[in-house]
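Here's the structure we're looking at; comments come further down.
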Amino acid sequence: MRSIEAILMKFAMVFAVLFVILGIVYGIELMDIFLISLVVTIVGFIGDLVIYPKTSNKVATAGDWVLAFLLVWLLGMVWIEILESSLIMPAIFSAIIIAIGEWFFHIYLTKRLWEHKETSHTTTHDEPRQS
């Protein structure tokens with residue numbers, strides 16, 4: 001159940017970013033935004049489950065940036081029929097904002113999905129500080 005909650009949260013974040021950038025700013029149709037958001041979410045969530053536990057938040061977020069950029073750019077070129085300009089800049093802007101959201105999403109995954117209470121500044125055997 002927590003995985004479903006996490007994937008829905010990720011989809012909402014990706015869709016909101018793409019709706020604002022691709023839909024409002026660039027006038028791309030809602031169905032195209034929905035389909036691109038769905039693919040970015042599913043592929044990204046699989047990556048989060050595989051890459052993030054084995055690396056760090058920085059590495060996983062960088063991977064999410066690359067993934068979001070490539071998927072938005074390439075899927076946009078395939079699915080969006082009427083486009084007066086290149087999708088490179090919208091893909092870059094979208095990927096940057098999605099990556100910022102992914103940083104916090106990874107923290108959410110750590111605390112909520114995997115129930116680790118540690119942060120990047122703690123270890124499992126922290127000793128109390130001596131004054």
Side-chain angles (χ1 to χ4, degrees):
M1 192 64 174
R2 288 182 181 170
S3 292
I4 294 171
E5 178 183 300
I7 201 164
L8 289 174
M9 181 183 295
K10 183 177 181 96
F11 176 78
M13 177 198 55
V14 170
F15 182 80
V17 169
L18 294 182
F19 177 75
V20 170
I21 293 175
L22 298 181
I24 294 174
V25 176
Y26 288 92
I28 294 173
E29 291 184 22
L30 191 61
M31 185 54 100
D32 293 329
I33 295 168
F34 178 82
L35 292 173
I36 293 170
S37 298
L38 194 61
V39 172
V40 170
T41 299
I42 292 169
V43 174
F45 192 71
I46 292 169
D48 287 338
L49 296 178
V50 173
I51 295 171
Y52 177 54
K54 296 177 183 174
T55 62
S56 67
N57 197 356
K58 290 178 187 176
V59 172
T61 301
D64 283 323
W65 184 89
V66 171
L67 180 76
F69 167 73
L70 290 174
L71 287 175
V72 170
W73 179 46
L74 295 173
L75 292 175
M77 287 178 22
V78 172
W79 286 338
I80 299 170
E81 296 176 10
I82 303 171
L83 192 63
E84 293 88 29
S85 62
S86 171
L87 268 179
I88 298 248
M89 290 312 290
I92 289 172
F93 294 142
S94 298
I96 289 170
I97 297 171
I98 288 171
I100 292 168
E102 287 290 340
W103 177 270
F104 296 102
F105 181 71
H106 295 153
I107 294 169
Y108 167 82
L109 284 179
T110 301
K111 291 181 179 180
R112 181 84 170 128
L113 191 62
W114 296 306
E115 296 184 357
H116 293 291
K117 302 300 183 201
E118 303 164 4
T119 65
S120 61
H121 302 292
T122 63
T123 61
T124 55
H125 297 64
D126 274 347
E127 296 294 325
R129 293 185 180 197
Q130 303 290 327
S131 351

Working to the nearest 0.5 Å, report the span between CG of L38 and CD1 of I33. 13.5 Å
So CZ of F105 and CG of N57: to nearest 0.5 Å the spacing works out to 11.5 Å
L35 CG to L30 CG distance, which is reported to the nearest 0.5 Å: 9.5 Å
Can you sort out the partners of V43 under side-chain contact (heavy atoms from CB on, under 4.5 Å), two or more places apart, ordered by chain and number? V39, L67, L71
Strictly by salt bridge (charged side-chain N to carboxylate O under 4.0 Å, His left out), give each pair with a member in residues 52-71 just once, sequence neighbours left out. none
If you draw a 6.0 Å radius around CZ in F45, do more than 12 non-hydrogen atoms from other residues or ligands fall strictly inside? yes
Taking all non-hydrogen atoms of both residues, which atom of I21 and which atom of P90 are closest, and how far apart? CG2-O, 3.9 Å
So CG of L87 and OH of Y26: to nearest 0.5 Å the spacing works out to 8.5 Å
Under 3.5 Å, side-chain donor or acceptor atoms of residues 8-17 against the rest of the protein: list the pairs with distances, not counting sequence neighbours.
residue, atom, partner, partner atom, Å
K10, NZ, D48, OD2, 2.8
K10, NZ, E102, OE1, 2.9
K10, NZ, E102, OE2, 2.4

Would V59 and W65 show up in the same hydrophobic cluster when neighbours are defined by side-chain heavy atoms closer than 4.5 Å? no
For D32 and W79, which heavy atoms make the closest approach, and how far apart are they? OD1-O, 3.8 Å
Supply the atom-to-atom distance I7 CD1 to I46 CD1, rounded to the nearest 0.5 angstrom. 7.5 Å
A95 to F69 - nearest heavy-atom pair and separation: CB-N, 3.6 Å
Neighbour count above 12 (heavy atom, 6.0 Å) for Y108 OH: yes
What heavy-atom pair brings S37 and L18 nearest, and what distance separates the two atoms? OG-CD1, 3.3 Å
The test is side-chain contact (heavy atoms from CB on, under 4.5 Å); show your working for L22 and V72 and say whether it passes. CA-CA 10 Å; L22 298 181; V72 170; 4.2 Å; yes
